[in-house]
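First comes the structure, then the notes that go with it.
Keep in mind that the numbers below use all heavy atoms, side chains included, and drop hydrogens, waters and symmetry copies. Below, chains carry the letters A, B, ... as their sequence lines are ordered, and counting in each starts from 1.
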2 protein chains.
Amino acid sequence: MEEKEISRAVIKRLPRYYRYLGELLDSGVERISSNELSDRMKVTASQIRQDLNNFGGFGQQGYGYNVKFLYHEIGKILGLDKTYNMIILGAGNLGQALANYVRFEKRGFRIIGMFDVNPQLIGKKIRGIEIRMMDELPDFLAENDIQIATLTLPKAAAEEVAVKLVESGIKAIWNFAHTDLHLPDDVVVENVHLSESLMQLSYNITKNQRDRNTK
Amino acid sequence: MEEKEISRAVIKRLPRYYRYLGELLDSGVERISSNELSDRMKVTASQIRQDLNNFGGFGQQGYGYNVKFLYHEIGKILGLDKTYNMIILGAGNLGQALANYVRFEKRGFRIIGMFDVNPQLIGKKIRGIEIRMMDELPDFLAENDIQIATLTLPKAAAEEVAVKLVESGIKAIWNFAHTDLHLPDDVVVENVHLSESLMQLSYNITKNQRDRNTK
């Protein structure tokens, strides 16, 4: 199948469709028109049709969308029909918080190992997941099939660890370290920069205050 | 001053400029051309010039940018010249992880209270910040000047708590609950949906695998 390049903006919206469809499914809704979906999601119906047309449409004239079918199709597009083995590098507060999220597991993201350099954490378990020392990482990677590495370690250590992971064959990194990683093109990186999200909030607070003052 | 509407894409890039300029400042660099900045940040020089022109430019022909000046100006645009009092609603793992981030404090985001419904957490302190019961929230809001409320609580509780916060005068919400909040237009909401970020990663993993298989 020839695949056209889907824009990042569309991809960013897909998980939100998936979430709304999942909620509809849970509440027993079997089909929905793009207008009704539009009302709920506060995006235009034409945006919804356009987004879904990237993947072949899924809608039927006069019927709308079959919720269960669309939910599963979007799930497949998002790669949620597979399971992923994941490790967490950096078992501090954030790493432990992520390890405790049962929801990831339900979606097929299985956290099977955690690593840190702090010897006080050796052997500690988070939801049954053992914290190992960083020097055990090469052996662990050799013995296990890992698809995703999550970096919740300090900025200064992140790049070096990421490079090692990639050398061991890791192709996907979920990066919480506050730095941009420089990795080969075939490695997928998804950044979560919490400070930057907070700065966008303070930008908007500041802007709103100015707007109120000038009214 | 007449203010033009700045696009969300530009605003999303500002914290990244701020981060790079901060790093340059730390390493003693006093001035930088848009070309050099472009090399480091992997965005085009014309993008940088365009982005900064939204705020009046800051560059000088033949000189480039004064790093310290630009850092402080972007900081002001982002509202980082002020301090914000912040509370965290939901003192579970993620709430505690956020409370432990010292970096937020350094940027002017002071976490001064945490709230939860779990009685086992009463009186527990995270980095000196006391966890209080949710029913103490109204009094706490009346007695303290809070600018930002962080929601790290279950989806089901988020909307109700958010509505109460807004009724008490809160105008900015940092939302980690996996739901869209329906709040008045003058309330600023910044969402961090971790599951959606992870789904974007699995989308790209799946896409890369397909690309490799078709090569």
Side-chain angles (χ1 to χ4, degrees), chain A residues 1 3 6 11-12 14-16 18-19 41-42 76-80 82 84 92-101 103-104 107-109 147-148 171-174 178-180 186 188-212 214, chain B residues 1 3 6 11-12 14-16 18-19 41-42 76-80 82 84 92-101 103-104 107-109 147-148 171-174 178-180 186 188-212 214:
Chain A
M1 192 183 94
E3 200 175 349
I6 311 291
I11 297 156
K12 281 197 80 150
L14 284 183
R16 194 160 172 263
Y18 189 73
R19 167 155 55 93
M41 295 187 61
K42 316 275 175 216
K76 272 193 261 176
I77 295 166
L78 288 170
L80 301 176
K82 282 162 279 177
Y84 301 89
N93 293 293
L94 184 58
Q96 294 193 19
L98 294 176
N100 266 308
Y101 258 52
R103 186 140 37 89
F104 297 154
R107 289 269 174 267
F109 301 94
Q147 284 83 40
I148 300 174
K171 294 279 182 216
I173 292 182
W174 200 21
H178 197 217
T179 189
D180 297 324
D186 66 336
V188 176
V189 179
E190 179 70 30
N191 292 309
V192 181
H193 291 326
L194 295 177
S195 318
E196 302 197 356
S197 162
L198 200 46
M199 288 181 197
Q200 286 177 57
L201 191 60
S202 62
Y203 170 87
N204 283 312
I205 294 171
T206 308
K207 185 179 171 299
N208 267 12
Q209 280 167 347
R210 273 199 309 264
D211 289 353
R212 270 196 292 272
T214 52
Chain B
M1 193 183 94
E3 200 175 347
I6 311 293
I11 297 156
K12 281 197 82 148
L14 284 183
R16 194 159 172 262
Y18 189 73
R19 167 155 56 93
M41 295 187 62
K42 316 277 175 216
K76 272 193 262 176
I77 294 167
L78 288 169
L80 301 177
K82 283 163 277 178
Y84 301 89
N93 293 294
L94 184 58
Q96 294 192 18
L98 294 177
N100 265 308
Y101 258 53
R103 188 141 36 90
F104 297 154
R107 288 271 176 264
F109 301 93
Q147 284 82 40
I148 300 173
K171 294 280 181 218
I173 291 182
W174 200 22
H178 197 218
T179 189
D180 297 324
D186 65 337
V188 176
V189 179
E190 178 70 30
N191 291 310
V192 181
H193 290 327
L194 295 178
S195 318
E196 302 198 355
S197 162
L198 199 45
M199 288 181 196
Q200 286 178 56
L201 191 59
S202 62
Y203 170 87
N204 283 312
I205 293 172
T206 309
K207 185 180 171 298
N208 266 13
Q209 281 167 349
R210 272 198 311 264
D211 289 354
R212 268 196 294 271
T214 53

Query raised in the report: B:Lys171 and A:Arg212: side chain to side chain contact (heavy atoms under 4.5 Å, CB included), yes or no, with the steps?
Result: CA-CA 12 Å; B:Lys171 294 280 181 218; A:Arg212 270 196 292 272; 4.1 Å; yes
Report summary line: side-chain contact (heavy atoms from CB on, under 4.5 Å) filter on B:Thr179, not counting sequence neighbours, yields B:Lys155, B:Ala158, B:Ala177, B:Leu181
Query raised in the report: Can you name the ring pair (Phe, Tyr, Trp, His ring centres under 6.0 Å) partners of B:Tyr101, sequence neighbours left out?
Result: B:Phe104
**Report entry** Heavy-atom check, side chain of B:Gln209 versus side chain of A:Lys82, under 4.5 Å
**Finding:** yes
Requested in this report: Any chance you could lay out the salt bridge (Lys or Arg N to Asp or Glu O under 4.0 Å) test for B:Glu196 and A:Arg19, step after step, and finish with the verdict?
Outcome: CA-CA 9 Å; B:Glu196 302 198 355; A:Arg19 167 155 55 93; 2.8 Å; yes
**Report entry** B:Val192 versus chain A, the contacting section by heavy-atom distance below 4.5 Å
**Finding:** side chain
Report summary line: Turns out that what part of A:Leu98 lies under 4.5 Å from chain B's heavy atoms comes down to side chain
Query - Between OH on residue A:Tyr84 and OG on residue B:Ser202, distance to nearest 0.5 Å - result: 4.5 Å
**Report entry** chain A contacts, top residue of B:Asn100, B:Leu198, B:Asn93, B:Leu78 (heavy-atom pairs, under 4.5 Å)
**Finding:** B:Leu198
Query - Closest approach of B:Ile205 to A:Val188 (non-hydrogen atoms, all atoms of both residues) - result: N-CG2, 4.3 Å
Query - Check against side chain to side chain contact (heavy atoms under 4.5 Å, CB included), A:Met199 and B:Leu80 - result: CA-CA 8 Å; A:Met199 288 181 197; B:Leu80 301 177; 3.9 Å; yes
Query raised in the report: In terms of heavy-atom pairs under 4.5 Å, which option from A:Ile77, A:Leu14, A:Leu201, A:Asn204 contacts chain B the most?
Result: A:Leu201
**Report entry** Audit row: B:His178, A:Arg103, side chain to side chain contact (heavy atoms under 4.5 Å, CB included) steps and yes/no
**Finding:** CA-CA 11 Å; B:His178 197 218; A:Arg103 186 140 37 89; 3.2 Å; yes
Query - Any side-chain heavy-atom pair of B:Leu94 and A:Leu94 under 4.5 Å - result: yes
Query raised in the report: Out of B:Ile173, B:Leu194, B:Asn191, B:Val189, which one racks up the most heavy-atom pairs below 4.5 Å with chain A?
Result: B:Leu194
Query raised in the report: Taking all atoms of both residues into account, what is the closest heavy-atom pair of A:Tyr203 and B:Ile11, and its distance?
Result: CE2-CD1, 3.3 Å
Query raised in the report: Given side chains that start at C-beta, do those of B:Phe109 and A:Ser195 come closer than 4.5 Å, heavy atoms only?
Result: no
Query raised in the report: Could A:Lys42 and B:Asp180 be called an ion pair, given the rule that one side-chain N must be under 4.0 Å from one carboxylate O?
Result: no
Query raised in the report: Which heavy atom in A:Gly79 sits nearest to a heavy atom in B:Thr206, and how many Å separate them?
Result: CA-OG1, 3.2 Å
Requested in this report: Sort B:Asn208 into side chain, backbone, both or neither according to what part of it lies under 4.5 angstrom from a heavy atom of chain A.
Outcome: side chain
